[in-house]
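Counting starts at 1 for both ligands and their atoms, in listed order.
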Amino acid sequence: MDLVNVLDIGSDGIAHVVELAAKIKADPSSVAGTRSGLRVGLFFEKPSIRTRVSCEVGTAELGAQPIVLKNDEVGLGTREAPQDVARVLERYLDVLAFRVFDHRNLVLMAEHAEAPVINLLSDREHPCQAIADLVTVAEHRPLKGASIAYLGDGNNVAHSLMLAASAVGTSVTVATPAGYEPDETIVDLARSGAIGGAEITLSNDPFAAVVGADAVYTDVWTSMGSENEAEERRIQFEPFRVTEELFESAGSEAIFMHCLPAHRGEEVTDAVIDHQRSRVFDQAENRLHAFKAILLHLTA
Ligand code: CP
Ligand code: NVA
């Protein structure tokens, strides 16, 4: 089983992994050392703090061995075809966890290797983030019937969030500037996989989108690899900045979420990211528990 797309593990798998991550958080010793001998390859084509460190520490805490591969040495798709990289590496390693620019490279790897392939972020999805996001929402209120307002770019983070949330009964409203909506096929997939009456709603109105939301979520306006669009995006996304006024429009109980790294003053103000109801650092911590749960699930 792979986790290239968050739905690869199915809605039951998502619910199980989220619950398992919460249990691991409550008692890390319950799983310590349970994957002794497992070798986990970690590879990053783009920068990372949270993913890199949570995966390396999480792997080690399970008793498994993290092996970090160097981007320039692997040359995924340049020095060697992704399917050949995967078929070679699985002769030495048990799990291949890769952060890539092009999602299709992960699909190729997963198609050609028996070893589980984990997506550590691609241009299309960020499934490990979505699992940690749901762990974070579940710490605030039950996922069935919850609602998240995601503001900003209809990007990889928004995609995995929509797919994973709707699969466990959480509604998501995605508010973007016109032209920056999430991929239509992902919206359709999230709608068709929704349970418990969860809804996926698209909007171009940030203030309308947050009304009644249990969580207000944003991400950077310009993702890694699209830096040449940053100037234009700063103009287009200006009305989507999460200010105190916008955050307060969600109601007095809503939490603030961001996958991080954040550009303070751009997509979110200091007052919101440092707000008493900001959960961004819990969310970052939950990446560690989520990765352990994912590894355990994929190697059960
Ligand atoms: N949220 C997240 O994936 O952070 P990094 O890019 O630092 O890994
Ligand atoms: N959407 C962002 C997420 C970073 C964790 C990016 O892809 O750069």
Could you check whether any side-chain N or O of Arg35 sits under 3.5 Å from a backbone N or O of Leu62, counting only pairs where one atom can act as donor and the other as acceptor? no
Return the residue, atom name and 0.1 Å-rounded distance of the protein heavy atom closest to atom 6 (O) of ligand 1. Arg99 NH1, 2.8 Å
Would you find a donor on one side and an acceptor on the other, under 3.5 Å apart, between the side chain of Arg99 and the backbone of Thr51? no
Atoms of ligand 1, numbered as shown, that sit under 4.0 Å from any heavy atom of Arg287: 1 (N), 2 (C), 3 (O)
Ranked by distance from atom 3 (O) of ligand 1, the top protein heavy atom is His126 NE2, 2.8 Å
Show which atoms of ligand 1 fall inside a sub-4.0 Å distance from at least one heavy-atom site of Ser48. 5 (P), 6 (O), 7 (O), 8 (O)
Check each atom of ligand 1 against the heavy atoms of Ile49 and keep those under 4.0 Å away; list them by number with element. 5 (P), 7 (O), 8 (O)
Is the contact between Leu260 and ligand 1 made by the side chain, the backbone, both, or neither, using heavy atoms and a 4.0 Å cut-off? backbone
Would you call Arg279-Glu285 a salt bridge at under 4.0 Å N-O? no
Quick check for students: name every N or O atom pair between ligand 2 and the protein closer than 3.5 Å, with distances.
| from | atom 1 | to | atom 2 | distance (Å) |
| --- | --- | --- | --- | --- |
| ligand 2 | 1 (N) | Asn155 | ND2 | 3.3 |
| ligand 2 | 1 (N) | Asn156 | OD1 | 2.9 |
| ligand 2 | 1 (N) | Asp219 | OD2 | 2.6 |
| ligand 2 | 1 (N) | Ser223 | OG | 2.7 |
| ligand 2 | 7 (O) | Asn156 | ND2 | 2.8 |
| ligand 2 | 7 (O) | Ser223 | OG | 3.4 |
| ligand 2 | 8 (O) | Met224 | N | 2.8 |

Would you please name every residue forming a side chain to side chain contact (heavy atoms under 4.5 Å, CB included) with Ile195, sequence neighbours left out? Lys144
Should Pro261 be counted as touching ligand 1, given the test is an N or O pair under 3.5 Å? no
Suppose we measure from atom 4 (O) of ligand 1 to each protein heavy atom; which comes out shortest, and what is that distance? Arg50 NE, 2.8 Å
